[in-house]
Enquirer: 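The structure under discussion is supplied below as structure tokens; questions concerning it will follow.
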Number of protein chains: 2
Amino acid sequence: MKLEKVTEQRKRHYDDACGTAHAMDLIGERWAALVVRELLFGPKRFGELRADLPGLSANVLTQRLEGLEESGILQRRRLPPPASAQVYELTSWGYELEPMLLALGRWATRSPLHDPTLPISPTALMLSFKSMYSADRAGDLTATFVIRLGEYSFRLEIAGGAIGVEKAEPDARADAYISAEPAALGAFVYGGAPIDLLAVEGDRALVARLPGLVPLPPKAGS
Amino acid sequence: MKLEKVTEQRKRHYDDACGTAHAMDLIGERWAALVVRELLFGPKRFGELRADLPGLSANVLTQRLEGLEESGILQRRRLPPPASAQVYELTSWGYELEPMLLALGRWATRSPLHDPTLPISPTALMLSFKSMYSADRAGDLTATFVIRLGEYSFRLEIAGGAIGVEKAEPDARADAYISAEPAALGAFVYGGAPIDLLAVEGDRALVARLPGLVPLPPKAGS
DNA sequence: CGGCATCCGGGAAGATACTG
DNA sequence: CAGTATCTTCCCGGATGCCG
């Protein structure tokens, strides 16, 4: 413990009352927004975050978690004794970032420089379904998928024109089940790859409709 | 000119197909989002950007403008010969960032750490009106303001429940005129400062209603 | 293993001065 | 006015090691 630097000039910040500037103070540091993204489906442990964000080193992750906690965007929480582990969880205010991060993601996807062949995390892929979902394309479809991506499983539900995605048990009830690597599922949904490369159970025709439900937005013209 | 480093590994980037990650590649660098913010009401010259973003040094501004141009978010444009000056202007895709930057600003304003007493640029203040505007509060009010903030003048129009803000001539027609420093107008609208500190012409009662039209959102509770 | 501290190299940011 | 050149400072990213 060191008490030096009582002055502690709160890092580098924009000296600006503008809300947008403050937003960049809060989540504009490198990796900060992606840490928030990874927590949007629920709490995670340090090691999970590290595994889901390759390229982010442990010391920087520590710094970001400290900063985001001080900002009130997330909390560290200790799980009940049986599995006494520490997890990081967004606060309700932190969860409110979801629509903005999704909108930014949808906007950035239209960049000519965007490369969809790069690796993608399970969380990011499931969030992309929420941001690309087209209610028009879905019509009055009602369907439930369970999607298993590595260690994580999600339940994707389409009903009443709306889409919902949440963490789920791998064996939760659903009309169709997909097991795949994130990259493979991304290639199928967004890249036109054949369905044969996925492990599908249940209603295969429903899975075949999935790419049509989440069309990529058109690229930005000059 | 130096041609070394043909490899040119496109700066630092997140190696991630996620749209949100790409968005942070595009506008997550320091000052980038604020440069975009300053251009949301129209093109500006290098010196104007520099004046409106105190703390941003010339060399960094040059780098950001280069990066944002390569990304297709803005263009440099040369004005017709009479006033042969170069300006920077958002592309239509760049302008689409407005609702996201406003939403982030509104969200960040609810941070316990947000300090509204810091300096604010004319553009940022006028944008804040768009993001804080409450149609409920406005009811069926119809009103037009001309707001003069230093070198810039804006026209703020409320009609049919909607708000519109745009650059305007200082003597454009309006129901009421306000001339002030950005900080003074901010203190009146958001800080409860008395109207006497503003230079007002025209319908003074209309100006008195302004703070009620743009209520600050409640702070985030834990 | 999870979390955090420390050291180091490279590179971006910030301040200042300079040039067309 | 519109940038460029240079120098310093600090952040980022990787490696290592300590401690619970």
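Note on naming: letters A, B, ... go to the chains in the order of the sequence lines (proteins, then strands), and numbering restarts at 1 for each one.
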Enquirer: Going by the rule ring pair (Phe, Tyr, Trp, His ring centres under 6.0 Å), which residues pair with A:Y152 if we only count those two or more places apart in sequence or in a different chain?
Expert: none
Enquirer: Run the side-chain donor-acceptor check on residues 173-186 of chain A: report pairs under 3.5 Å with partners two or more places apart or on a different chain.
Expert:
| residue | atom | partner | partner atom | Å |
| --- | --- | --- | --- | --- |
| A:R173 | NH2 | A:D175 | OD1 | 3.4 |
| A:D175 | OD2 | A:T144 | N | 2.8 |
| A:Y177 | OH | A:A172 | O | 2.7 |
| A:Y177 | OH | A:A174 | N | 3.1 |
| A:S179 | OG | A:R148 | NH1 | 3.1 |

Enquirer: Counting just side-chain N and O atoms, does A:R12 come under 4.0 Å of either OP1 or OP2 of C:dA13?
Expert: no
Enquirer: Write down the distance between CZ (A:R64) and C1' (C:dC4), rounded to a whole number of angstrom.
Expert: 15 Å
Enquirer: Can you name the residues that form a side-chain contact (heavy atoms from CB on, under 4.5 Å) with A:A108, not counting sequence neighbours?
Expert: B:H22, B:A23, B:L26
Enquirer: Let me know the distance between NE2 of A:H13 and C1' of D:dC11, rounded to the nearest Å.
Expert: 16 Å
Enquirer: Nearest-Å distance, CH2 (B:W31) to P (C:dA13)?
Expert: 12 Å
Enquirer: Could you state the atom-to-atom distance from CG of B:D25 to C1' of C:dA12 in whole Å?
Expert: 15 Å
Enquirer: Specify the separation, in whole Å, of atom CZ of B:R78 and atom P of D:dC1.
Expert: 16 Å
Enquirer: Nearest-Å distance, CG (B:L61) to C1' (C:dA12)?
Expert: 15 Å
Enquirer: Please report, rounded to the nearest Å, how far the P atom of C:dG14 is from the CD atom of B:E29.
Expert: 11 Å
Enquirer: Dot-bracket for DNA chain C, 5' to 3', with Watson-Crick and G-U pairs under 3.5 Å, [ ] for crossing pairs and | for other-strand pairs: what is it?
Expert: .|||||||||||||||||||
Enquirer: Quick check: closest heavy atoms across A:R50 and A:L56, and the distance to 0.1 Å?
Expert: NH1-O, 2.8 Å
Enquirer: So does A:Q63 get a side-chain nitrogen or oxygen closer than 4.0 Å to the phosphate oxygens (OP1/OP2) of D:dC12?
Expert: yes
Enquirer: When you look at B:R64 and B:L53, which way does the side chain to side chain contact (heavy atoms under 4.5 Å, CB included) test go after all the steps?
Expert: CA-CA 13 Å; B:R64 286 305 157 271; B:L53 292 170; over 6 Å; no
Enquirer: So, is A:R45 close to the C:dC1 phosphate, meaning a side-chain N or O under 4.0 Å from OP1 or OP2?
Expert: no
Enquirer: Does a side chain donor of either A:E38 or A:T123 reach within less than 3.5 Å of an acceptor in the other side chain?
Expert: yes
Enquirer: Tell me: CE of B:M24 to P of D:dC12, nearest whole Å?
Expert: 12 Å
Enquirer: Scan for salt bridge (charged side-chain N to carboxylate O under 4.0 Å, His left out) pairs involving residues 101-124 of chain A, sequence neighbours excluded, and state none if there are none.
Expert: A:R110-B:E96
Enquirer: Please write out each protein N/O paired with an N/O of nucleotides 3-6 of chain D under 3.5 Å, distance rounded to 0.1 Å.
Expert:
| residue | atom | partner | partner atom | Å |
| --- | --- | --- | --- | --- |
| D:dG3 | OP1 | B:Q86 | NE2 | 3.1 |
| D:dG3 | OP2 | B:Q86 | NE2 | 3.3 |
| D:dG3 | OP2 | B:Y88 | OH | 2.9 |
| D:dA5 | N6 | B:N59 | ND2 | 3.4 |
| D:dT6 | O4 | B:N59 | ND2 | 3.3 |

Enquirer: For the atom pair CZ (B:R30) and CD (A:E29), what is the distance rounded to the nearest 0.5 Å?
Expert: 9.0 Å
Enquirer: Return the orientation label for the A:W31 and B:Y14 ring planes: parallel under 30°, perpendicular over 60°, tilted otherwise.
Expert: perpendicular
